[in-house]
Amino acid sequence: MILILSIESSCDDSSIALTNICDKKLIFHRKISQDNEHKNYGGVVPELASRLHATALPKILSLIQNQLQSVRAIAVTNEPGLSVSLIEGVMMAKALALSLNLPLIAINHLKGHIYSLFLQKPAIFPLSILLLSGGHTLILEAENDRDIKIISSTLDDSFGEAFDKVAKMLDLGYPGGVEVESCAKSAKNKNLIFPIPLKHKKSLEFSFSGLKNAIRIHIQNANKINKSEICYAFQNAAIAHISQKIELYLKNSNIKHFGVVGGASANQSLRTNLIAIVKKYHKEILFAPLEFCSDNAAMIGRCAIESYKNHDFIDICDLTISPKSRIFG
Ligand code: KG4
Ligand code: ZN
């Protein structure tokens, strides 16, 4: 068995995986989330995230000490993300590559999310992708593993970020996506409606800041607020916005496969809506397993198999981090 050891630390999840290069099987995966530590602040505190990675990553690594002799390459997320978080994973990757005399593979986090669709199986290209995370809202088209272009992005906040901010306004806790989704489920009165962003625009861009503001104003002006009704109405408007733009995109796309990735792709109402739209346009929808929608090292390891096969290695001195994505055109 020959393995890739992959490391993910781009935000507030410390994760390490071992993936079999030959059959793509996931041999080991562990993730330590920092949700509880950041909860008190209502969002990720970069310096705290960095300190927690510094203890969590070695803790996970210690569990696979006896498998290191089978490792043939070290893969690590080096962009995009929080600089101080990325550095922790990259420094560990450099130390491992140096001490074990192994090649290094740099993985773009967004590309990693795409490969969450192909864990333990072959990839499918060409592929359209909707990427919904805390930092990004993108429609991408991937011709193959290397040729990936951005078709549309958000003009302001991302989809996941909007959930996080609404959760904060309603004091629902962090991370917001799961909290808002579960709070929306208990809404009894469904008459509250927020405007769907960019409803009459024929462009594919997304925007969530107007919707977020509408909710802020509603909370400010209401005598008594009903959290579940607000969550329900917000989620409906946010998903309707995504659905409208995806319908517009699919109408003119001849790519058969449509993948939905990123932490927010775990949202069940979103999944239900997208499944219906994709069916209407006779496309095939792909989702990652729920466990691997949010940040994880398994997707980084799966992505790195392609780089390993292409001998796409990076010198230890050339491996840098970037808060922004540098690879998609
Ligand atoms: O991909 P991810 O784990 O981290 C980034 O790369 O940003 O995505 C995290 C984002 C957060 O904004 C979180 O609130 C959102 O995904 N999220 C959700 C749900 N689960 C996570 N948003 C809406 N509904 C959910 N069920
Ligand atoms: Zn992510």
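One-based numbering, in listed order, for ligands and for the atoms of each. Every value quoted in this text rests on a predicted model; they were computed, and no experiment measured them. Just so you know, residue 1 is the first one in the sequence shown, and it goes up from there.
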Nearest heavy atoms of S265 and C293, plus distance in Å: OG-SG, 3.4 Å
Co-members of the apolar cluster containing I305 [side chain, <4.5 Å]: I2, I4, I21, I105, I107, M299, I300, Y308, F313
Answer yes when E247 and K280 have at least one side-chain N-carboxylate O distance shorter than 4.0 Å, and no when they do not. yes
Spell out the protein N/O/S atoms under 2.8 Å from the Zn ion (ligand 2) as residue plus atom name. H109 NE2, H113 NE2, D295 OD1
K309, NZ atom: more than 12 neighbouring heavy atoms under 6.0 Å: yes
side-chain hydrogen bond (donor to acceptor under 3.5 Å, both in side chains) filter on S128, not counting sequence neighbours, yields Y249
Any chance you could measure F328, atom CZ, to I151, atom CD1, to the nearest 0.5 Å? 12.0 Å
Using heavy atoms and a strict 4.0 Å limit, residues surrounding ligand 1 turn out to be H109, H113, S133, G134, G135, G160, E161, F163, D164, G176, G177, V178, E181, G262, G263, A264, N267, S294, D295
Parallel, tilted or perpendicular, as decided by the 30° and 60° cut-offs, for the rings of F208 and F206: parallel
Relative to F287, does R271 satisfy both conditions: NZ or CZ under 6.0 angstrom from the six-membered ring centre, and within 45 degrees of the ring's axis? yes
Modelled atom types, side-chain donor and acceptor of K31 and S294, under 3.5 Å: yes
